[in-house]
Amino acid sequence: MKLFEGFTCKGKLLSNDDFLKRLRNDTQKGIDKLSAEEKQHYIDNAEKAMKTEIPILKASVYKQFAYTGNRTEYQGPYYSRRNMLTELIFAELLEKKKRFTEKILDLVWLILEESTWVIPAHNKNGSSLLYEFDDVSYVDLFSASTAAVLALSYVFFKEDMNDGLTDDMFSKRLEYEIENRILLPFEKYAKNWWYIGHIPGHKLNNWNPWIHSNILFILAIFEKNEQRKEKLCDDMLSYTDNFLDTYGPDGGCDEGPSYWGAAGASYFDFLDLLYKASDGKIDKLSEKLVYNMGDYIRKMYIGGGYFVNFADCGPKPKNLDAVLIYRFAKRTGNKLMMDFACSFDQTNRISYSHPQRSLYNMIEKSECKQSSYKPNKEEIMEDTQVYVFRNDTHFIAIKGGHNREAHNHNDIGHFVLFEEDTPLLIDAGSDTYSKKTFSDERYTLWNMQSSFHNLPEISGYMQLFGIEYRASDVSYDKNSKCLSMQLKNAYPKEANISSYIRKLYVRNNELIIEDDIDLKEEGDITEHLLLLYEPSIRDNFITVKNTQIAIDNVNDITYEKISTLNYTGLNTNVPERGNMAKSWDSDFMFRIKASAKTKNATIRFTINRRD
């Protein structure tokens with residue numbers, strides 16, 4: 001679906017002077033509504049930033065990514081500079097005592113002096129270093145975010161920047177860098193960038209709306225030439241339509257809930273900013289697809305802070321922004337989603353990655369009083385092929401889809417199981433990103449492989465990567481509460497599968513997963529279950545926490561202990577807790593193996609409470 005086909009920004013946008021005037025007025029109105037406690041939250045963050053030394057960004061550390069694949073050594077101080085700046089900006093806006101101003105200006109100046117705003121992992125020039133001079137040709141996620149947070153400093157502290165200067169040197173330098181590092185390369189080269197959507201074979205993801213939401217904010221603030229602004233705005237309408245066209249009507253995000261804040265929520269940022277920058281003349285927030293894109297995050301919630309974490313997601317998203325969820329819900333008229341948002345802490349989450357979002361969260365803070373949110377018993381997302389069910393004792397989510405999804409794991413037919421809000425059968429999720437994560441070696445990582453999901457290995461073969469490896473004949477019978485999907489095409493032909501149908505039966509006090517597997521000749525079938533907690537096994541019964549799982553029609557059931565520690569430091573011989581171990585708060589997981597050697601099998605998992 002494309003929202004803006006045949007549409008133009010011409011004659012609809014506010015001048016940048018009018019936009020800035022409204023932004024400053026709205027900001028002050030928002031500040032006036034904040035309680036003393038809410039204001040103190042912003043100031044406390046800034047006071048921590050005041051006590052923190054501004055980190056150094058080293059060329060030697062930038063280069064390390066090319067040699068060791070490590071991302072965190074450079075990104076840590078890079079992010080720290082920008083987070084400090086954002087926190088100080090918000091505190092000074094509230095306090096207005098100028099005690100944060102000097103460090104704001106120091107940070108702005110240092111960021112302007114950086115050789116590049118593109119992080120090493122996104123450097124596309126083929127060298128281990130990147131120096132943006134003369135003709136910048138690429139804008140990545142964080143160069144756009146950097147420009148947007150610098151834009152905030154410009155909007156509210158331009159006079160402080162130029163204090164004592166006769167030629168406005170400071171603000172002119174900022175304008176120059178924004179133009180030459182962001183707007184000009186976007187104007188000249190964007191059509192050649194993979195995340196725009198014009199290059200065959202490149203799947204669009206969160207980069208598209210995330211970058212465009214920040215560039216639109218920059219455009220509204222800096223661009224005085226109305227014709228150029230309208231042309232770049234029209235380009236962004238076309239480019240974001242390419243992103244939207246990857247979504248089905250159910251609005252599901254195949255990148256998972258952890259990326260919803262950067263994908264669907266960034267698309268909301270873009271549409272909301274279009275509405276504001278056009279004085280309401282461009283309004284697409286009432287579209288049903290946009291409504292569903294917002295509602296996705298509600299549907300994926302399990303409980304206890306856990307979300308369904310298919311793809312490169314952790315189980316508890318670090319970027320969950322309840323104020324944003326409330327604003328998204330309110331603007332799209334989703335009362336259930338508003339109630340859902342109100343069940344979370346409504347403290348504004350300040351983010352340099354989405355600075356305009358943080359500002360509008362402060363301006364349009366939620367109006368929560370008390371939440372009576374109750375999740376639905378089932379959420380059926382037929383386009384994304386994600387299905388969520390709750391019975392009287394358990395939560396289960398299962399997916400179909402294909403193995404070329406954004407942030408893909410080879411996991412067609414995979415499911416997660418919770419005992420209320422206690423994780424039992426899990427998706428390990430992603431670990432700390434490294435060079436290998438987004439390379440040809442991605443599927444050498446164990447947590448990307450189907451055999452480390454709740455899926456079988458058949459005839460010695462795991463699922464493979466590619467859009468041709470997919471579920472088919474996916475159907476849900478609401479009356480019998482039975483979900484069925486054909487999974488034979490998720491595996492290579494060498495697995496000799498004639499048919500592999502996985503069914504899920506949902507009963508009030510019981511869940512049944514049934515795998516009907518027919519092979520062309522006798523072969524080994526090894527079912528896998530990934531657990532957070534160590535199980536006990538007796539005969540064909542597995543017990544974990546207060547749940548019992550009976551596995552029928554297998555010959556042998558064993559389990560192994562898997563380390564979740566990662567090797568992410570520059571000293572790659574030292575294991576440490578990466579994102580996976582931290583998000584699950586565990587250094588180990590446990591993998592059940594249930595084996596059978598046969599030509600035809602019906603392997604059944606019966607799940608219920610043991611009390």
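All values derive from a computational prediction rather than experimental measurement. Throughout, numbering of the chain's residues begins at 1 and tracks the sequence. Heavy atoms only: backbone and side chains are in, while hydrogens, waters and symmetry mates are out.
A donor-acceptor contact closer than 3.5 angstrom links the side chains of T347 and D345. D140 and S143 form a side-chain donor-acceptor contact under 3.5 Å, judged by distance and modelled atom types alone. With 3.5 Å as the limit, one finds no donor-acceptor pair spanning the side chains of N242 and Y195. In summary, the side chains of Y79 and Q75 do present a donor paired with an acceptor at a separation below 3.5 Å, with no hydrogens or angles considered. In summary, the side chains of N125 and Y138 do not present any donor paired with an acceptor at a separation below 3.5 Å, with no hydrogens or angles considered. Side-chain N/O atoms of R82 and T146 include a donor and acceptor closer than 3.5 Å.
Ring geometry, F142 versus W210: the interplanar angle exceeds 60°, so the pair is classed perpendicular (tilted spans 30 to 60°). Taking the six-membered ring where tryptophan is involved, the planes of F222 and Y154 are tilted, since the angle between them lies from 30° to 60°.
For an aromatic pair to be called close, the ring centres must be under 6.0 Å apart, and H212 with F186 satisfies this. Annotation: W207 is in aromatic contact with H122 [ring centroid separation under 6.0 Å]. Aromatic rings from Y239 and H198 are positioned such that their centres are separated by under 6.0 Å. Less than 6.0 angstrom separates the ring centroid of H407 from the ring centroid of F438. Checked against a 6.0 Å centroid threshold, the rings of Y301 and F340 count as neighbours.
Across all non-hydrogen atoms, the minimal contact from R181 to E114 is NH2-O, 2.7 Å. Smallest separation of non-hydrogen atoms from T432 and T437: O-OG1, 4.3 Å. Scanning both residues, L232 and L219, for their nearest heavy atoms gives CD1-CD1, 3.6 Å. Annotation for D427 and A311: closest pair OD2-N, 4.4 Å, computed over non-hydrogen atoms. The two atoms that bring P249 and L289 nearest to each other are O-CD1, 3.8 Å, heavy atoms only. Scanning both residues, L174 and L112, for their nearest heavy atoms gives CA-CD2, 4.0 Å.
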*Check step by step if side-chain contact (heavy atoms from CB on, under 4.5 Å) holds for V136 and T116.*
CA-CA 9 Å; V136 177; T116 179; over 6 Å; no
*Given side-chain contact (heavy atoms from CB on, under 4.5 Å), test M293 with E287 step by step and report yes or no.*
CA-CA 10 Å; M293 290 172 74; E287 295 285 342; over 6 Å; no
_V108 vs F157, test: side-chain contact (heavy atoms from CB on, under 4.5 Å). Steps then yes/no._
CA-CA 11 Å; V108 170; F157 303 107; over 6 Å; no
_Assess the residue pair L237 and F270 against the criterion (side-chain contact (heavy atoms from CB on, under 4.5 Å)); give the C-alpha distance rounded to whole Å, side-chain angles, the decisive distance to 0.1 Å, and a yes or no._
CA-CA 10 Å; L237 298 187; F270 179 77; 4.2 Å; yes
_Derivation and outcome, side-chain hydrogen bond (donor to acceptor under 3.5 Å, both in side chains), residues Y42 and N348_ = CA-CA 9 Å; Y42 291 99; N348 188 14; 2.8 Å; yes
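Salt bridge K276/E364: present, at least one basic N to carboxylate O contact under 4.0 Å. Using a 4.0 Å cut-off between a side-chain N of Lys or Arg and a carboxylate O of Asp or Glu, R349 and D321 do not qualify as a salt bridge. By the 4.0 Å N-to-carboxylate-O rule, K63 lies too far from E73 to be salt-bridged with it. K203 has a carboxylate O that lies under 4.0 Å from a charged side-chain N of D254, or vice versa, which qualifies the two as a salt bridge. Ionic pairing of D295 and R298 is present here: one or more N-O contacts between side-chain nitrogen and carboxylate oxygen are shorter than 4.0 angstrom. Electrostatic pairing of K48 and E87 does not count as a salt bridge here, judged by no charged N lying under 4.0 Å from a carboxylate O. Taking 4.0 Å as the cut-off between side-chain N and carboxylate O, K229 and E226 count as a salt-bridged pair. K399 has a carboxylate O that lies under 4.0 Å from a charged side-chain N of D411, or vice versa, which qualifies the two as a salt bridge. A salt bridge links D272 with R327: the distance from a Lys NZ or Arg NE/NH1/NH2 to an Asp or Glu carboxylate oxygen falls below 4.0 Å.
At least one side-chain heavy atom of I89 sits less than 4.5 Å from a side-chain heavy atom of L85. For the pair E187 and K231, the minimum side-chain heavy-atom distance is 4.5 Å or more. Using a 4.5 Å cut-off on side-chain heavy atoms (C-beta onward), V386 and E379 make no contact. By the 4.5 Å heavy-atom criterion applied to side chains, P55 and M84 are counted as neighbours. Between L183 and I215 there is a side-chain heavy-atom pair separated by less than 4.5 Å. By the 4.5 Å heavy-atom criterion applied to side chains, F217 and L152 are counted as neighbours. Two residues are said to be in side-chain contact when any heavy atoms from C-beta on lie closer than 4.5 Å; I31 and M362 meet this criterion. The shortest distance between side-chain heavy atoms of R357 and S266 falls below 4.5 Å.
Atom CE of M1 has more than 12 heavy atoms from other residues, nucleotides or ligands within 6.0 Å. In this structure, K124 places its NZ atom where more than 12 heavy-atom neighbours from other residues, nucleotides or ligands lie under 6.0 Å away. Crowding of N225 atom CG: a count of heavy atoms from other residues, nucleotides or ligands under 6.0 Å exceeding 12. Counting non-hydrogen atoms of neighbouring residues, nucleotides and ligands closer than 6.0 angstrom, the NZ atom of K284 exceeds 12 such neighbours. The environment of CD in E113 is crowded: more than 12 heavy-atom neighbours from other residues, nucleotides or ligands sit within 6.0 Å. The environment of K29 atom NZ is sparse: at most 12 non-hydrogen atoms of other residues, nucleotides or ligands sit within 6.0 angstrom.
Both tests do not hold together for K299 against Y296: distance to the six-membered ring centre under 6.0 Å, angle to the ring axis within 45°. Judged by a 6.0 Å distance limit and a 45° cone about the ring axis, K316 is not positioned over the six-membered ring of F307.
If you take OG on S137 and CH2 on W193, they are separated by 8.0 Å, rounding to the nearest 0.5 Å.
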